[in-house]
Amino acid sequence: MFDLIVKGGTLPDGRVADIGIRGDKIAAVEKLEGAEAGQVIDSTGDLVCPPFVDPHFHMDATLSYGQPRVNASGTLLEGIALWGELKAIATIDEMKARALEYCDWAVSMGLLAIRSHVDTCDPDLKGVQALLDVRETVKPYIDLQLVAFPQDGLYRDPNALEQTLRALDMGVDVVGGIPHFERTMDEGSWSITNLCKIAADRGLPVDMHCDETDDPMSRHIETLAYETQRLGLHGRVAASHLTSMHSMDNYYVSKLLPLIAEAGISAIPNPLINIVLQGRHDTFPKRRGLTRVKEMQAQDITVGWGQDCVLDPWYSLGTADMLDVAFMGLHVAQMTHPDEMRRCFDMVTNANARIMGLQGYGLEPGCTASLVVLDAGNPVEALRLRPDRLAVVAKGKLVAAKARNDSRLSLPGRPASVRRRHRAG
């Protein structure tokens, strides 16, 4: 007897199987003819995948677009300045309300694991207080990791170091930083050294905003790779954005990529936001700033796609749909071979789960019973359609469902309804 059976779905690797769930664990992945269950979800012909994962987000700022004003220039720096104005007037309750609303969106889209950076340069640590509460509230259905993020610079803000340590003492999970925003290249490097030492001493992971700039001389990723090696942080460090690599010369990159691979650093480009914010000072040709995704993957560097922002001072759109993120990344990185497209789907599921260090992730017996049923037949079709999530199961519970919604037609001699899924043959 199972509590729940997801019946007849197609897994991302092409297998067709029933998934039997007991409690919050997957108990069986096989044909379960005749098996009884308290609840059955018919997923015949539909794609069943593990939940979507976002390893880079800013939940303290989400859903605040237009407050206190719109980012007129569309630049990273104006976004940071706007956030400085907003965090001075935002309340803990308001931050919690926005974050919880976003988590509702995330559940509806099958996004059940999120790593959010939270600003530690507010003297009251309002965002930290808010998101620690949110983390506890959503724990039954979303795995939320928090990154202590000195948004205004560890050295640029005179109180950032003390407040970042205080945030970690309060229970924030990951050490973050923003070396390219420090006053000088030297201070940027020192911030990496200091923050990595803090992480090593506390046994914590590192997730660093790194070289989010069009300046090809911003090379803090080199320092991050060095400190990762020196302090034995292999496999615990992620470098987010890395947009300066878009503008670096190929010779330097040919030296840099093996250093990143050797250090076991993961990379998190954020295609929706990177291509919007970068190149704002260019005329033509106009850079779009996405880092060298395929080249890193060729070096066996783990690369995942991040959402980064939804309706906030840096980005005016977004829906909590990681397939939107992968779809944009696919285009900008020119990953159009079928194998590359399948890899893009893997980047918002399995690769991102590895970056976050999620335990029990996947669709095998013994894994946490979290999954998504998509109105698509395979991962490539899911990227093409960004389809409805017909069912979302989180830790053994059905937490979201949507009826299949085919379009109805009134055309002489044509079918009464249309579905954009591809028919083989």
Side-chain angles (χ1 to χ4, degrees), residues 1-55 103-115 134-145 173 304 320-323 345-379 382 387-404:
M1 179 72 177
F2 297 96
D3 296 316
L4 173 64
I5 292 177
V6 180
K7 196 165 187 61
T10 301
L11 308 189
D13 62 8
R15 289 179 292 159
V16 176
D18 304 328
I19 299 175
I21 293 170
R22 293 193 186 99
D24 63 353
K25 300 293 183 185
I26 294 175
V29 182
E30 57 189 81
K31 288 293 183 184
L32 297 173
E33 295 295 335
E36 296 184 358
Q39 186 176 16
V40 176
I41 298 172
D42 184 5
S43 59
T44 303
D46 295 320
L47 178 63
V48 178
C49 70
F52 295 108
V53 178
D54 181 4
C103 287
D104 294 342
W105 292 17
V107 167
S108 75
M109 304 309 292
L111 170 57
L112 301 182
I114 302 170
R115 175 181 283 180
V134 170
R135 185 179 68 183
E136 197 61 29
T137 299
V138 303
K139 189 175 181 179
Y141 48 92
I142 290 179
D143 292 313
L144 176 59
Q145 291 180 1
D173 309 282
D321 187 352
M322 293 305 294
L323 287 177
F345 187 90
D346 191 75
M347 289 166 69
V348 293
T349 51
N350 294 300
N352 280 347
R354 290 196 301 274
I355 290 171
M356 284 184 60
L358 298 180
Q359 301 298 309
Y361 179 88
L363 296 181
E364 298 297 338
C367 290
T368 301
S370 296
L371 55 83
V372 187
V373 181
L374 295 159
D375 191 5
N378 57 61
D388 288 339
R389 279 60 166 169
L390 301 176
V392 179
V393 175
K395 301 180 182 180
K397 305 292 186 183
L398 180 65
V399 293
K402 187 171 186 178
R404 201 182 305 277

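If you read the sequence from its start, that first residue is 1, and numbering goes on from there.
With Leu371 as the partner, the side-chain contact (heavy atoms from CB on, under 4.5 Å) test is satisfied by one option alone out of Val48, Leu112, Val392: Val48.
By the side chain to side chain contact (heavy atoms under 4.5 Å, CB included) test, Thr368 pairs with Lys25, Ser370, Lys395, sequence neighbours left out. By the side-chain hydrogen bond (donor to acceptor under 3.5 Å, both in side chains) test, Arg15 pairs with Asp13, Glu364, sequence neighbours left out. The salt bridge (Lys or Arg N to Asp or Glu O under 4.0 Å) search around Asp388 returns Lys402, not counting sequence neighbours. Residues passing the side chain to side chain contact (heavy atoms under 4.5 Å, CB included) test with Ala376 are Glu381, Ala382, Pro387, sequence neighbours excluded. For the side chain to side chain contact (heavy atoms under 4.5 Å, CB included) test, residues two or more places apart in sequence or in another chain that qualify with Ala17 are Val29. Among residues two or more places apart in sequence or in another chain, the salt bridge (Lys or Arg N to Asp or Glu O under 4.0 Å) test is passed with Lys139 by none.
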Would you please test Val393 and Val399 for side chain to side chain contact (heavy atoms under 4.5 Å, CB included) and show each step? CA-CA 6 Å; Val393 175; Val399 293; over 6 Å; no
I would like to know whether Ile41 and Leu398 meet side chain to side chain contact (heavy atoms under 4.5 Å, CB included); could you show each step before the answer? CA-CA 9 Å; Ile41 298 172; Leu398 180 65; 3.9 Å; yes
Could you walk me through whether Tyr361 and Asn350 pass the side chain to side chain contact (heavy atoms under 4.5 Å, CB included) check? CA-CA 8 Å; Tyr361 179 88; Asn350 294 300; 3.4 Å; yes
Determine, step by step, whether Phe2 and Ile21 satisfy the side chain to side chain contact (heavy atoms under 4.5 Å, CB included) criterion, reporting the C-alpha distance in whole Å, the side-chain angles of both residues, the deciding distance to 0.1 Å, and the verdict. CA-CA 6 Å; Phe2 297 96; Ile21 293 170; 5.9 Å; no
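Remark: the backbone N or O of Ile114 is not paired with any side-chain donor or acceptor of Gln145 at under 3.5 angstrom. Here the side chain of Asn352 pairs a donor or acceptor atom with the backbone of Met347 at under 3.5 angstrom. Distance alone, capped at 3.5 Å, is enough to place a donor-acceptor pair between the Asp18 side chain and the Gly8 backbone. The backbone N or O of Met109 sits less than 3.5 Å from a side-chain atom of Arg389, completing a donor-acceptor pair.
Listed here is the closest heavy atom pair of Pro365 and Ala28: CG-CA, 4.3 Å. Closest approach of Gly362 and Cys367 over heavy atoms only: O-CB, 3.4 Å. Closest approach of Thr137 to Pro140, counting heavy atoms only: O-CD, 3.4 Å. The two atoms that bring Trp105 and Ser108 nearest to each other are O-OG, 2.6 Å, heavy atoms only.
Put simply, CG on Asp321 and CG on Leu111 are 9.0 Å apart, with the number rounded to the nearest 0.5 Å. Rounded to the nearest 0.5 angstrom, Leu144 CG and Cys103 SG are separated by 6.0 Å.
At a threshold of 4.5 Å between non-hydrogen side-chain atoms, the residues Ile26 and Ile19 count as touching. Contact check for Pro12 versus Pro50: side-chain heavy atoms found under the 4.5 Å cut-off. Under the 4.5 Å side-chain criterion, counting only non-hydrogen atoms from C-beta, Thr10 is not in contact with Asn378. Using a 4.5 Å heavy-atom cutoff, the side chains of Asp173 and Arg135 are in contact. Inter-residue side-chain proximity for Pro379 and Leu47 is flagged as met; some heavy-atom pair is nearer than 4.5 Å.
Comment: Asp24 does not engage Lys397 in a salt bridge, judged by the lack of any side-chain N to carboxylate O separation of less than 4.0 angstrom.
Screening residues 348-357 for salt bridge (charged side-chain N to carboxylate O under 4.0 Å, His left out), with sequence neighbours left out, gives no hits. The side chain to side chain donor-acceptor pair (under 3.5 Å) analysis of residues 31-50, with sequence neighbours excluded, yields the pairs Asp42-Thr44, Asp46-Arg404, Asp46-Arg421.
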